[in-house]
Each structure stands twice: as C-alpha cells, then as structure tokens.
Amino acid sequence: MSDDDSEITGSDEVEVDGANGFSGNFENADLGDEESNQGLFDDLLSGEPIFENKEVLRPSYTPHELPHRSDQINKMATILVAALRGETPSNILIYGKTGTGKTASAKFVSKELESTSQKYSVPCDVEYINCEVTDTQYRVLAQLANKFIEKNEARIDERIDELQSLLDDLEAYDRAIDVDASSDEPADGTASDPFDFVSEDEVDGDAETSTGTDIGPQSGDSPLEKGGSGDRTDSSSETEPAALENAADGTEASGDGAGDPTPDHPLASTPFDDRDEIEARIAGLRDDKDSFEEVPMTGWPTDRVYSVFFDAVDYDERVVVIMLDEIDKLVEKSGDDTLYNLSRMNSELENSRVSIIGISNDLKFTDFLDPRVKSSLGEEEIVFPPYDANQLRDILEHRSEVAFKGGALSGDVIPLCAAFAAQEHGDARRALDLLRTAGELAERSQSETIVEEHVRQAQDKIELDRVVEVVRTLPTQSKLVLFAIILLEKNGVHSINTGEVFNIYKRLCEEIDADVLTQRRVTDLISELDMLGIVNAVVVSKGRYGRTKEISLSVPLEETEAVLLSDSRLSDIDDVQPFVQARFEN
C-alpha cells in the first residue's frame with residue numbers, strides 16, 4: 001500500500017459503491033484552511049453593490065413614465081381609444097431614429113389599453129412582434145396564430161370552469177329543494193308510508209270486512225300526495241304538489257297558479273333552461289379546444305397558416321392590436337404580402353377587428369409598398385424626434401433614482417452620458433447603455449462611486465461590442481469581403497481599391513468552396529459595410545482612368561479578425577499569407 005493510501009484511515013475513509021460511485025464520510029476530513037477554500041466569486045461578492053435595480057437601465061424595460069414623449073403617447077391614446085368602444089382603431093405608423101422612445105411608448109400605451117379594457121370588461125388583445133427576429137410572412141403568421149390559439153384555449157378553460165361551477169350550484173339547489181320537500185311532511189308520527197301506523201291484523205281485518213269505504217291514499221298515488229292529514233281540502237291537496245313541482249323547476253306558484261322564475265335559482269340570470277343545455281355547451285367548448293392545431297414554425301403552406309391564424313383571431317369577439325416593431329425589416333425580407341393580408345382582414349372577419357401599429361427607423365420604407373397597402377396601413381403617422389442633451393439628462397436622472405443606490409453617482413456622470421448619446425443622434429438607448437456599463441465597470445473595480453473615467457471606459461467598450469455584434473451577424477459573403485480588406489491592410493496596403501479586394505475575395509471563396517459573386521455585387525457589399533460603419537469607402541476620380549473606391553478599415557483590426565475567424569466556415573481557411581504576397585508581387 002502506498003503512502004497516500006495509508007493516510008486514508010478511520011472516519012476519513014472513502015468507500016466505493018459499485019452502484020452509485022463514490023460515497024464517503026467527510027465530516028472530519030481536513031479541508032485545509034479558510035483561505036485555500038476561497039471561492040471564485042467570493043472576492044467579487046465582497047464589494048458593496050452599486051446597483052439597486054439594474055433592469056431599469058435596459059432597453060427592454062418599460063417605465064411607468066416616459067419624459068418628453070407625452071405628445072406622442074396622447075396621440076396614440078386618442079387613436080386607440082376606439083378599441084375600448086368596440087370599434088376598429090385606425091392603423092398607425094410610428095417613425096423615428098433608434099433610441100427615440102418609439103417601442104417604449106407603444107408598449108406603454110398598449111399596457112394601459114389592456115388594463116383599461118379589463119377594467120371595463122371590453123375584450124381587447126395586444127400582440128407584439130419584433131420583425132428583426134420574426135422576419136418572414138410564415139413566421140409572423142405562425143407566431144400570431146399560436147398566440148391566439150393559446151389565448152382561446154385559456155378562455156375556453158375559464159368558461160368550462162364557470163359552467164361547471166354553475167352545474168355544481170344547480171345540484172346544490174336541487175338537493176336543497178329535496179330537503180325542503182321532505183321537511184314539509186307532518187311531525188306527528190305520520191310515516192312516509194300512510195299505512196305504517198296500521199297493524200297488519202287491522203289491515204287484514206278491515207280488508208275482510210270492507211264495505212267499500214275509501215280509508216286513505218292507495219299505493220298507486222303520487223309520492224307528492226302522501227303525508228297529508230285526513231281532512232285536507234281538495235284545493236290544498238292539489239296546490240301543494242304543484243308548488244313543490246314548480247320549486248323543483250325553479251319557479252314558484254303565484255296566487256292564480258301561474259309559474260314565475262325564482263330570483264335565487266342558479267339559472268335565473270343565465271341563457272340556460274336546464275342542466276342538459278349546460279352540459280351540451282361544455283361538450284361544445286371541449287370540441288372547440290380539441291380542434292385547435294398549433295402551427296409548426298416551418299413546413300405548412302402559407303395559405304394554411306393564414307387560415308389557422310384567421311380562425312384563431314375570429315373565434316372570439318374582441319379588438320386585436322398587432323404591434324410590428326422594425327416593420328421595415330419584414331418588408332425588406334419578405335415583401336408587403338404580410339401587411340396586405342393583415343390590413344385587409346377586417347373585411348372578412350365576423351367577430352373581431354384588427355388594427356396594426358408599425359414601428360420603423362426608416363422614414364422612407366413605405367416608398368416600396370404597394371399603393372393599396374400604403375393607403376390602408378398609413379392611416380395615422382406619428383414621428384418621434386431625437387432627444388437633445390437636456391432631455392437625455394432628464395431620462396437618465398429619472399431612471400437612475402431607481403437603478404442605483406444613494407450616492408453611487410458623481411455629479412458629472414449623467415451629463416457626460418447625455419452628451420455622448422446626444423452626439424449619436426439623440427439615442428436614449430445608447431445613453432442608458434453607457435450609464436449601465438459605467439456602473440458595471442465601477443462595480444468590477446470595487447469602486448464605491450461611478451466617475452467620469454468609468455463613463456469614458458464604457459464608451460470604448462460599447463463601441464467595440466457594437467462592432468463585434470455587427471460583424472458576427474454579417475452574411476458569409478460580406479464576411480469574406482471584409483476578411484479580404486483586413487488581409488490587405490495587414491500587409492501594408494493603403495487606399496485599397498475595389499479590384500484588389502475582389503482578387504483576394506476570389507481566393508478566399510476558393511479556399512472555403514463558396515460561390516464567387518460578380519465584382520459589381522462585391523462593390524455593393526462594400527457599400528453595405530460602409531453604411532454599417534465597418535469600413536470607409538470613398539469614391540475618388542482617377543481622371544481618364546475613371547472612378548474607383550478607396551477603402552479603409554474603420555474598426556479595430558485584430559478584434560474584427562478574431563470575430564471573423566470564429567465563424568466555422570472562415571476558420572477552415574489555412575495560411576493565407578502566400579497568395580496575398582503573390583498578389584502584391586504581381
């Protein structure tokens with residue numbers, strides 16, 4: 001036995017269980033001193049947190065108050081109030097640059113609309129779809145269909161529960177009527193059987209000496225007529241059974257013998273006449289629920305998806321508001337068919353009404369729409385102007401009161417964040433990101449206060465993160481064009497022209513077995529990279545040699561190259577240095 005084995009003795013012994021693996025008694029095991037067991041996160045948790053509620057600084061958060069957007073919010077409310085009257089609101093198009101409060105304002109108004117509709121018991125549903133993620137007609141219709149199927153199923157379950165409760169109330173009422181009927185029997189010893197008080201001998205004797213006199217009710221009489229006294233009048237013997245029968249049916253006998261509904265009967269204020277109607281309605285609701293079929297995210301013909309969506313929306317009487325964020329992305333990817341179908345639905349719907357709210361950063365995207373779609377979709381237009389520095393400062397101060405602990409911000413942090421964001425076309429989202437990132441950097445450095453230096457570090461970090469995200473989501477062909485520009489810059493080429501980029505691009509396509517686009521298409525891709533701010537492409541005149549683009553990289557070279565190489569296809573490219581050098585030697 002080795003020295004290591006000899007140290008495992010007594011209560012420290014570790015046993016091997018063939019079925020469950022290792023099991024041991026570690027109560028007396030020497031785990032070392034406290035410092036050696038310091039966890040990975042212990043140091044990070046030891047500092048005092050700066051944030052009170054970080055989520056308030058995220059773009060997804062919808063605040064209870066939106067400074068400097070009351071005019072736009074009030075205009076939306078005046079349009080959508082028609083939904084609370086059961087009418088169809090006009091369609092709305094909302095324009096504005098990124099970070100001008102379009103989505104936050106629309107979500108705020110929609111929340112108020114839904115809560116008010118519940119308050120006044122007016123059926124109104126609002127559905128939000130981000131078309132940057134759900135960017136095809138099939139996906140939009142499938143997502144909407146499944147959401148409304150889910151809502152319909154939930155409402156059917158609620159109705160079945162209500163009807164089942166009504167059945168329970170009816171059963172309890174019937175039991176109470178039976179108890180009341182039995183309690184009306186005399187308490188003078190008269191049994192339920194009118195002959196129980198007569199002995200068998202007396203019955204036999206009377207039967208033998210019967211003179212034909214009627215001594216009481218016979219066995220064939222109705223149970224409702226049993227238990228009366230011998231001297232009951234004819235009118236009373238007829239009235240009591242009628243009263244009991246009417247009570248069992250939920251009616252009372254009036255003085256003239258007519259039956260009126262009993263106010264406290266469970267069915268008095270319902271459209272149902274009896275238990276069978278309620279049970280039939282429950283069975284019908286269950287059949288409706290079983291008939292719903294969830295739409296898969298791929299595989300069905302589009303017309304079938306639309307049909308399921310149409311039926312799901314029209315199942316209930318309600319006003320539906322469909323909010324399409326980044327609506328220009330949907331039009332760009334799949335045309336205006338989706339908008340055409342949605343905007344024309346109301347002419348075919350029987351029970352519900354549909355209104356559309358479109359949100360876009362592109363003020364000109366409607367120029368590419370079918371004139372019929374454009375006229376019906378853009379019934380009302382609301383423009384959100386960019387925020388100025390003072391407005392951004394108000395927004396940040398409003399959020400920071402909830403987001404940070406007291407005294408966590410130095411006086412120059414919010415003005416600096418507002419100034420940086422104002423330079424970016426008044427982008428409130430950028431201002432919030434700056435403030436949140438500055439707080440995270442301060443927290444990581446275990447600083448008790450956020451200062452100006454943290455904001456400047458956050459500015460650099462956000463810019464790099466933006467570049468990384470944009471490059472990571474580029475199509476493969478755009479990545480190849482960008483990779484060609486990076487390779488040329490790494491090898492000391494300045495004022496790169498389109499022809500040089502195209503030559504390297506072709507070599508890269510051969511390396512990964514990708515389709516080679518034409519030089520004209522590669523020029524278009526360079527223009528797209530220029531629009532995204534990844535490269536700087538300037539058209540210069542070469543006199544009689546024509547015009548060309550001079551291209552330079554606008555983002556950090558090494559970080560961008562690392563993001564490109566993280567793509568599985570581009571990572572297959574082997575040593576590219578030889579053919580780059582060969583290009584320059586020629």
Note to self: So if I apply the side chain to side chain contact (heavy atoms under 4.5 Å, CB included) rule between Val535 and each of Ile496, Val481, Ile486, Ile551, which one comes out positive?
What the structure shows: Ile551
Next item on the list: Please confirm whether the backbone N or O of Tyr128 pairs with a side-chain atom of Lys147, one donor and one acceptor, at under 3.5 Å?
Entry: yes
Next item on the list: Could you tell me whether Asp370 and Arg372 have a side-chain N and a carboxylate O separated by less than 4.0 Å?
Entry: yes
Item checked: Option from Val470, Val471, Asp465 for which side chain to side chain contact (heavy atoms under 4.5 Å, CB included) with Val467 holds -> Val471
Margin query: Is the distance between the ring centroids of Phe148 and Tyr315 under 6.0 Å?
Written below: no
Note to self: Quick check against the 3.5 Å criterion: does Asn351 have a side-chain atom that pairs as donor or acceptor with the backbone of Asp314?
What the structure shows: yes
Checklist line | Plane angle bin for His64 and Tyr61 - parallel if under 30°, tilted between 30 and 60°, otherwise perpendicular | finding: perpendicular
Margin query: Contact between Glu293 and Trp300 at the side-chain level, heavy atoms closer than 4.5 Å - yes or no?
Written below: yes
Next item on the list: Using only heavy-atom distances, determine whether the side chains of Lys102 and Asn361 contain a donor-acceptor pair under 3.5 Å.
Entry: yes
Checklist line | SB check Arg159 Asp316 (cutoff 4.0 Å) | finding: yes
Check: Just by distance, do the side chain of Lys333 and the backbone of Glu132 share a donor-acceptor pair under 3.5 Å?
Finding: no
Checklist line | Residues Thr100, Arg69; criterion side chain to side chain contact (heavy atoms under 4.5 Å, CB included); working and verdict | finding: CA-CA 9 Å; Thr100 52; Arg69 284 296 176 252; 3.9 Å; yes
Next item on the list: List the steps and the verdict of ring pair (Phe, Tyr, Trp, His ring centres under 6.0 Å) for Tyr95 and Phe384.
Entry: CA-CA 6 Å; Tyr95 298 104; Phe384 280 66; over 10 Å; no
